[in-house]
There are 4 protein chains.
Amino acid sequence: MNFGSDNTSGVHPKIMDALVGANTGFATSYGDDLIMDRVRQQIRDLFEAPTAAVYLVTTGSAANSLALATYVDAWDVIYCHQASHISNDECGAPEFYSGGARLMALEGENGKLLPETLRAAVQSTPVGDVHTYQRGALSVTNTSEMGTVYTCEEIAALSSVAKEFDLPFHMDGARFANALAKIGCNPAEMTWKSGVDVLSFGGTKNGLMGVEAVIMFDPDKSWEFELRRKRGGHLLSKHRYLSVQMQAYLTNDHWLDTARMANDRAARLAQGLGKIDGVNIACPTDANMLFISATRAKHRAAMAAGAVYSLAPFGTSLEGDDDEMLNARMVCSWSTTDVEIDQLLAVLST
Amino acid sequence: MNFGSDNTSGVHPKIMDALVGANTGFATSYGDDLIMDRVRQQIRDLFEAPTAAVYLVTTGSAANSLALATYVDAWDVIYCHQASHISNDECGAPEFYSGGARLMALEGENGKLLPETLRAAVQSTPVGDVHTYQRGALSVTNTSEMGTVYTCEEIAALSSVAKEFDLPFHMDGARFANALAKIGCNPAEMTWKSGVDVLSFGGTKNGLMGVEAVIMFDPDKSWEFELRRKRGGHLLSKHRYLSVQMQAYLTNDHWLDTARMANDRAARLAQGLGKIDGVNIACPTDANMLFISATRAKHRAAMAAGAVYSLAPFGTSLEGDDDEMLNARMVCSWSTTDVEIDQLLAVLST
Amino acid sequence: MNFGSDNTSGVHPKIMDALVGANTGFATSYGDDLIMDRVRQQIRDLFEAPTAAVYLVTTGSAANSLALATYVDAWDVIYCHQASHISNDECGAPEFYSGGARLMALEGENGKLLPETLRAAVQSTPVGDVHTYQRGALSVTNTSEMGTVYTCEEIAALSSVAKEFDLPFHMDGARFANALAKIGCNPAEMTWKSGVDVLSFGGTKNGLMGVEAVIMFDPDKSWEFELRRKRGGHLLSKHRYLSVQMQAYLTNDHWLDTARMANDRAARLAQGLGKIDGVNIACPTDANMLFISATRAKHRAAMAAGAVYSLAPFGTSLEGDDDEMLNARMVCSWSTTDVEIDQLLAVLST
Amino acid sequence: MNFGSDNTSGVHPKIMDALVGANTGFATSYGDDLIMDRVRQQIRDLFEAPTAAVYLVTTGSAANSLALATYVDAWDVIYCHQASHISNDECGAPEFYSGGARLMALEGENGKLLPETLRAAVQSTPVGDVHTYQRGALSVTNTSEMGTVYTCEEIAALSSVAKEFDLPFHMDGARFANALAKIGCNPAEMTWKSGVDVLSFGGTKNGLMGVEAVIMFDPDKSWEFELRRKRGGHLLSKHRYLSVQMQAYLTNDHWLDTARMANDRAARLAQGLGKIDGVNIACPTDANMLFISATRAKHRAAMAAGAVYSLAPFGTSLEGDDDEMLNARMVCSWSTTDVEIDQLLAVLST
């Protein structure tokens, strides 16, 4: 019963098979392996972006921070949601890589930014005033940190504001697959056709061992990105083992299959939880994450029975008033089973 | 015939087996996996350092830069050899992580620093002068970038100078296993017993997929290191896949076995090359790297026959005077075969 | 009728006389001038802090940023008010100098932080979570950016929270003199006796040409500060011209006299404005700054008559609806005259 | 007998008069004062550069570091002389401001770089290799740190190499006036007409209180420079006091007059020293600095008699063998008198 995160899951067997399969002979290191050439082509085809620059790194923090640092100056504002991972969960990696850019964390229901909120925030940043931070970039997470998903129209509406003020648009797609599985559009529509300039395209949370792609739809800054990646210590020598994971991930829509599995499990869990008295679902379950509240007694019972998931905020204790409602996050992955879901529902129902 | 680098090799089958073996069920992410607990103990036992702090990252640049940044201030000098990887091959990663520390690249025959060179360099850095860079740390690579190995006595002699001036001592051990296999001492003797404070303990070049450990013999700065690692984007979520590689690496002296294999191959290649007219060996072949010179004609023939290795400096062309002597680096790894060595010797002999 | 800022004023004649007086012969450069020895003693005596470290720089941004960078790590939160100069008006200088520390801008009426707000903010910053920013330092501005003044008791109450969480306490005292003139306590009471660890002690806004002192009540980090100052390009070679200004500033309570003059003028202006229909005073006028609102028509008339002051927010236009109430800031200095005040009151009254 | 540095001198009376003269009424702060408009025009006229961007700061370290940071990336090499101030005497300010650019300190007789040395250094920096530092900018000091002066032809020859490799060309002109006074060309010839892109135009060492101009002959990066200056805490609020110094400095060739005075004094001192047995002049005295060697006994006698100048290296002691030759630097300024020179010559002659 592990619903702690999609990164507590293992590596999908198909991916592990690919790793084993790539483990023969020698390969040029540092990203010049032949498999990477194929991955680059796969991604360009998939995103209908024949000149896109494509790079692989091992963590989402690296993908996001390197991407953002490439698009903003140290004195720029990065507009983002107040629940955003880049603002809350990376120990300041974007600030580190950018040399001190400022993340302006904006409000928005269910983890999603609204265009008017973005516009007001940008307008609150003066133009031509040397004393203040300057207008930098927009960063949006899809699937959002609250498990909700932006539609392509919503992305385009945000982009329209960003373009109005000449802001580059970064998408943190750690769970991009889950968002796409939900919406059903194609990758190009959710990204560059809706105005996204650079995408952190996640694999780790969806069955890879630790691979994220950075896709820059306009390759103008690709050399700068390469230097930043190396300087950050994020250029892997035995790069073929990243490449081959991404290759297998994209082959035969494997990535979408696993995302759909995770979404489906979450939907099933949400459906079950919705029927339990004393459990409230706090957010629409668009993808593979659930945000709920339940009594401390229920949480205590579930965890005593072996369930793993996060109470919020960090540090919330199981000790205390039985009836107090405590917030929790539950995450499903491709490896979540119906059995585990049934077990969790059972223990929370009692 | 791939002698390009030890990182063009694959993952050792035992390591790949371990990865496959670890791929079951869920595991706590971000370094809190149970395997890491065992790895920590293995390393503490191996190094006879029961309180050492141990962390895993995926690249040597990250290991070195995070380690150095933890031990120096932005206005400090890092004393190192002019052939050092940290100075030449990381696109400034140490400078990036430290906020601008200065690498003072010192001379030394065959890639090795001498104590008197270090002392003179430190003494040339004024004390108490606010206008200059300050005395920071010592960083030594063992196996050195020239393929030579420091003995424990040589390490201790350098350390003695470092201690005299209160400099923390970092060892870049990307090929630590090869050095140890050469010297035959135990890991503690080559490190903290000889005055090393922090070690980048390499695995990638010796059969891992991409795992380096940072070992801080005094754990005082461990929390700072953890924050720097996270902020640098180097804390892997599915960390168990790093842990399990390191676990297998250290089990039953596997790491020393593969290092010995690589060293032996290099010795055999050196022996063969030494007998070829028109090929000169430029440096003692202590470990798994050879530095030679040979005529352009020989290099051209070897590469035409499929040999892979690096000409130096970067950008040296195969076009030009046949008889000109060109420098080259050849690297053996655990996966280098006698067949390949024989082939290379054959083509260079003609 | 210049109420734009206290830094549009000139240099007080006594200070200019001191500069002229110091302009004889040679003096050791870079802060080792004899006058600085006397200044150090003056400040130690004034603040009853015999071991305090004292440094001079030319701007408040440098004083604040160097002080904060000395007390926080790059991954730390600096808790401050949302109106704070360090957050809004320094183009990210604190982030630049600290390597990316995060300013958490907190609410508080009339520019002042409340202890319970600080406590809640600190408690919202997890302890021991490597993924988030860490608890860093507290920075409070006295006189605040809204022209209000913290009492010593209020400072002590904030300090009590800071000490509870081991946060260093920085005070931005760009208008420290005005605060002290208002409260009437002694400098020690408003600073270290109330828990302040480091003070940016302003001179520029109170009649100096461009001199701010940084006073560290515990000198432990003084050498680090000196290195940061030099590295930031803020160690002046002809330092005696900073020293002599500070010396004259502190002699015979000159600094308090000029602050009192500025405060008195502001009080007189506030009193007059309070009687004018269509002018509202938005904030208590504790020191030398007034925050008011008035109709656009009144502002237009005043500015047409030559009045200089700032409309807020940046970019507010005089074009538009006559009756709309627009916010403004007016600042008095030692050089503001009764005549100018009467003129401004007259034009705003009509 | 103060020959310690040109920054131990005072402020020239004409400049002090200008400061006093500017001390009336109010002035717009932060560089928007009317005097700055005139200074900008003066500099554009003087340098025949009608669109040049012109900014004032208070230290040479700030001028150099802000200028360099505007023209290089964090992963770039700055090619400079091994005696250069930016490399040796700024505690890493260029590294701090640039985010870690690397200063490559090159050899060159008498403090001057030769074109072939520069070319070799640039060629040693690979192109297109992501693992290494990249080709960044050239920085040359004129008057050099050894007191020698580059001719316009020498500058142009260096620039020709820089242009060949697309390197921006920075000139550290802390003693630009002395260089120009020596050469007799016009400012445009020594700068942009010879290929210089950005000049740190010194005033402090030549009679100002603490003012250096940064002149960017192509204004394309002016806004970036303004943001960097503010973010570095180097935008002075009471900016008119910088402006008015620069205005007086440039009026009626005052700056060249004082530079000529300093050069003439140094020439006279050099002539006298050349006649003394046991004193050797180490470097041509092109401008206002002398580099000599003399016996320890002579230095001891001179300093006992009240002479002030620097022994080199930092920390050289007057205690020891009487006959040992010790290196020294002596600097003349506009305020050096014939009497002091005669006194110094007398005591060194005995």
Side-chain angles (χ1 to χ4, degrees), chain A residues 4-5 7 59-61 64-65 68-69 72-78 80 82-106 120-136 145 174 310-317, chain C residues 4-5 7 59-61 64-65 68-69 72-78 80 82-106 120-136 145 174 310-317:
Chain A
S5 176
N7 59 36
T59 71
S61 296
N64 288 335
S65 301
L68 286 166
V72 300
D73 283 313
W75 43 80
D76 279 347
V77 173
I78 298 167
C80 59
Q82 60 186 11
S84 65
H85 195 271
I86 57 168
S87 178
N88 300 332
D89 299 305
E90 298 181 347
C91 193
E95 284 93 334
F96 174 53
Y97 277 92
S98 66
R102 179 172 291 181
L103 277 66
M104 190 183 286
L106 305 172
V122 179
Q123 286 172 334
S124 79
T125 313
V127 167
D129 180 1
V130 82
H131 301 270
T132 64
Y133 265 86
Q134 307 295 306
R135 296 172 179 179
E145 288 81 0
S310 320
L311 298 183
F314 184 87
T316 298
S317 171
Chain C
S5 175
N7 60 36
T59 70
S61 295
N64 288 334
S65 302
L68 286 166
V72 300
D73 282 314
W75 42 80
D76 280 347
V77 173
I78 298 168
C80 60
Q82 61 185 12
S84 66
H85 194 271
I86 57 169
S87 178
N88 300 333
D89 300 303
E90 298 182 345
C91 192
E95 284 93 334
F96 174 53
Y97 277 92
S98 66
R102 179 172 290 181
L103 276 66
M104 189 183 287
L106 305 173
V122 179
Q123 285 172 335
S124 79
T125 315
V127 168
D129 180 0
V130 81
H131 301 270
T132 64
Y133 264 86
Q134 307 294 308
R135 296 171 181 181
E145 288 80 0
S310 320
L311 297 182
F314 185 87
T316 299
S317 171

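Side-chain atoms are counted along with the backbone in the values below, which use heavy atoms only and exclude waters and symmetry mates. In what follows, chains are A, B, ... by sequence order, proteins preceding strands, each numbered from 1.
The residue among A/V127, A/D129, A/L103 with the most heavy atom pairs within less than 4.5 Å of chain C is A/D129. Your options are A/S98, A/C91, A/G100, A/G128, and the one with the most heavy-atom pairs under 4.5 Å with chain C is A/C91.
Listed here is the closest heavy atom pair of A/N88 and C/T132: O-CG2, 3.4 Å.
Scored by the side-chain hydrogen bond (donor to acceptor under 3.5 Å, both in side chains) test, A/E145 finds A/T141 as partners (sequence neighbours excluded).
Here the side chain of A/R102 pairs a donor or acceptor atom with the backbone of C/S87 at under 3.5 angstrom.
The distance from atom OH of A/Y133 to atom CD of C/E95, rounded to the nearest 0.5 Å, is 3.0 Å.
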